[in-house]
Novice: 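Sharing a structure, written as structure tokens. Questions coming.
Naming convention: chains lettered A, B, ... in sequence-line order (proteins, then strands); numbering from 1 in each chain.
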2 protein chains.
Amino acid sequence: MSVERRYKDATYGQFARIGKAVAHPKRLEILDLLCQGPRSVEVLAGEAGLGIASTSQHLKVLKEARLLEAEKNGLFVTYRLADEAVCAFFRNMRSLAEARLAEVEQITRRFLDGREGMEPVGARELLQRVREDRVTVLDVRPAEEYRSGHIVGALSIPLRELKARIKEVPRGHQIVAYCRGPYCVLAVQAVETLRKAGLKAVRLREGYPDWRAAGMPVEVTESSEISRGKRRVQR
Amino acid sequence: MSVERRYKDATYGQFARIGKAVAHPKRLEILDLLCQGPRSVEVLAGEAGLGIASTSQHLKVLKEARLLEAEKNGLFVTYRLADEAVCAFFRNMRSLAEARLAEVEQITRRFLDGREGMEPVGARELLQRVREDRVTVLDVRPAEEYRSGHIVGALSIPLRELKARIKEVPRGHQIVAYCRGPYCVLAVQAVETLRKAGLKAVRLREGYPDWRAAGMPVEVTESSEISRGKRRVQR
DNA sequence: CTAATATTCAATCGATTTGTAGAATAGTAA
DNA sequence: TTACTATTCTACAAATCGATTGAATATTAG
């Protein structure tokens, strides 16, 4: 085996470390969750519907591929994406799957079957309405994810609190709910809940990472209180 | 298991089809080769150092993930990338590996050890020199790849013919040799050969797909004769 | 110091992936 | 029609992957 062949095998072997890391559905779900912000093992396990040990193993694989970093805080280990490029890569991979695998749309259509009027609005359209101050933007992800970053001016009411806090939703404008991305179900469920309460609501197709990657205005809330108060606007 | 959980599992399962397809080093090498243009099984096997049966199996996996398309021509089956987005995805994955895995650079440094002055020039620098008509651009990939697309104005002499055809290389300007990409060894070897023949030569860091993706001028030669004749310039 | 909690590790088992060898299939030349 | 060529398929063995279970480790509260 020549030096050149050995070099190529070694190089592609390195590239394959990335491929192997993203070859399991649960690791992809974990990456999607971490695109929203850092989380602990326990929370990731709960969100992904996995056992703690299994989640820990998947996190280990992603960490060994240098896609994640871990930080210990007392009992808890917080995992975060090692680089924004990891989220960009995940989104690229998702786009490729959307474009190439007809099953992706079929699965989504089957899921939305029976849920009337779930046609989403696009990010550009939402941005226009936001600028005209004609919508209420509602972030229905868990509060931690809102804190890590959200659409500028968005109100935060996590889905699991929406029924209880429905009175907090302004009634003057149409509500646009958003969550983690095109395949997240939180916004779908939020729209159903809002409509049941008599509010005019639709959902945003994109999630927060897509909005941010498109260079649209975002903000980060550092306070533990969820509010509309603007602390720092990011580009 | 809820409807939502089932929907998520199904969706990430689809995304993972892409991940699984790119989880093996040889499939990545095959993708890299196909970024240069369509090839037959036999040629891909030869280039990747694989058996025919093994190559066929890997191609089958990539085809099942809808990343490749196949076309039969008599005895030969020609495989091609299903979409330019597949090449973009491969390049994105390679960039992520470069950024995140220190081993990538280490392996390259080790390979280049002992080969003096292999510092490559960048695409922008080359474009500047091309515009000033101060270089000879030499494509040292196999002729089929040159035909599928090459840097505008590039001369084609496949590496394996370079020694025999060294007289054809113009001596007036510095020569910049290029091949498939940053981890391809053809340009490295070409520069060594050219320098041995007394010519001033360096290599381009990027490969043809990178050059094209950056929107730099390319052309396609449809004739079976390798020449500088411009047939159709692509954007 | 002990108990509780969060997380990781190791062993096990079943499932999946991969390379090889030989057979099978499809197309073409003689 | 037969022989040759390119490619795919199948069976098999070996390697790898993934979920589970229970043990081990680290940290903190009491």
Novice: Mind calculating the distance between OH (A/Tyr79) and C1' (C/dA6) to the nearest angstrom?
Specialist: 11 Å

Novice: Counting only heavy atoms not in A/Glu105, do more than 12 sit closer than 6.0 Å to its CD atom?
Specialist: no

Novice: Can you check the B/Lys60 NZ to C/dT18 P distance for me, whole Å?
Specialist: 13 Å

Novice: In this structure, how many angstroms lie between the C1' atom of C/dA4 and the CD1 atom of A/Ile52, rounded?
Specialist: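 Taking CD1 of A/Ile52 and C1' of C/dA4, I get 15 Å after rounding.
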
Novice: Which residues pass the side-chain contact (heavy atoms from CB on, under 4.5 Å) test with A/Thr108, sequence neighbours left out?
Specialist: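 A/Thr108 satisfies side-chain contact (heavy atoms from CB on, under 4.5 Å) with A/Leu112, A/Tyr183, B/Tyr7 only.
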
Novice: Compute whether any side-chain donor of one residue and acceptor of the other, for A/Asp139 and A/Tyr208, lie under 3.5 angstrom apart.
Specialist: no

Novice: Do you know the tightest heavy-atom contact between A/Ala177 and A/Val140?
Specialist: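 Shortest heavy-atom contact: CB-CG1, 4.5 Å.
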
Novice: What integer distance in Å separates B/Arg17:CZ from C/dT16:C1'?
Specialist: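 Distance check: B/Arg17 CZ to C/dT16 C1' gives 16 Å.
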
Novice: From the options B/Lys26, B/Arg141, B/Arg180, select the one residue that forms a salt bridge (charged side-chain N to carboxylate O under 4.0 Å, His left out) with B/Glu47.
Specialist: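 That would be B/Arg180; it is the only one of B/Lys26, B/Arg141, B/Arg180 passing the salt bridge (charged side-chain N to carboxylate O under 4.0 Å, His left out) with B/Glu47.
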
Novice: Pick base, sugar-phosphate or nothing for B/Ser40, based on heavy-atom distances below 4.0 Å to the nucleic acid.
Specialist: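 Contact class for B/Ser40: sugar-phosphate only.
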
Novice: Quick check: are there more than 12 heavy atoms from other residues, nucleotides or ligands sitting under 6.0 Å from CZ of B/Arg115?
Specialist: yes

Novice: Could you give the CD-to-P distance, from B/Glu64 to C/dT16, as a whole number of Å?
Specialist: 14 Å

Novice: How would you summarise protein contacts on nucleotides 16-30 of chain D per nucleotide, using B for base, S for sugar-phosphate only and - for none, with heavy-atom distances below 4.0 Å?
Specialist: -SSBBB----BBS--

Novice: Take the protein atom CG of A/Leu68 and the nucleotide atom P of C/dT8, then report the distance between them rounded to whole Å.
Specialist: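 Roughly 11 Å, once rounded to whole Å.
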
Novice: What is the distance, rounded to the nearest whole Å, between atom CZ of B/Phe76 and atom P of D/dA6?
Specialist: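 Nearest whole value for this atom pair: 5 Å.
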
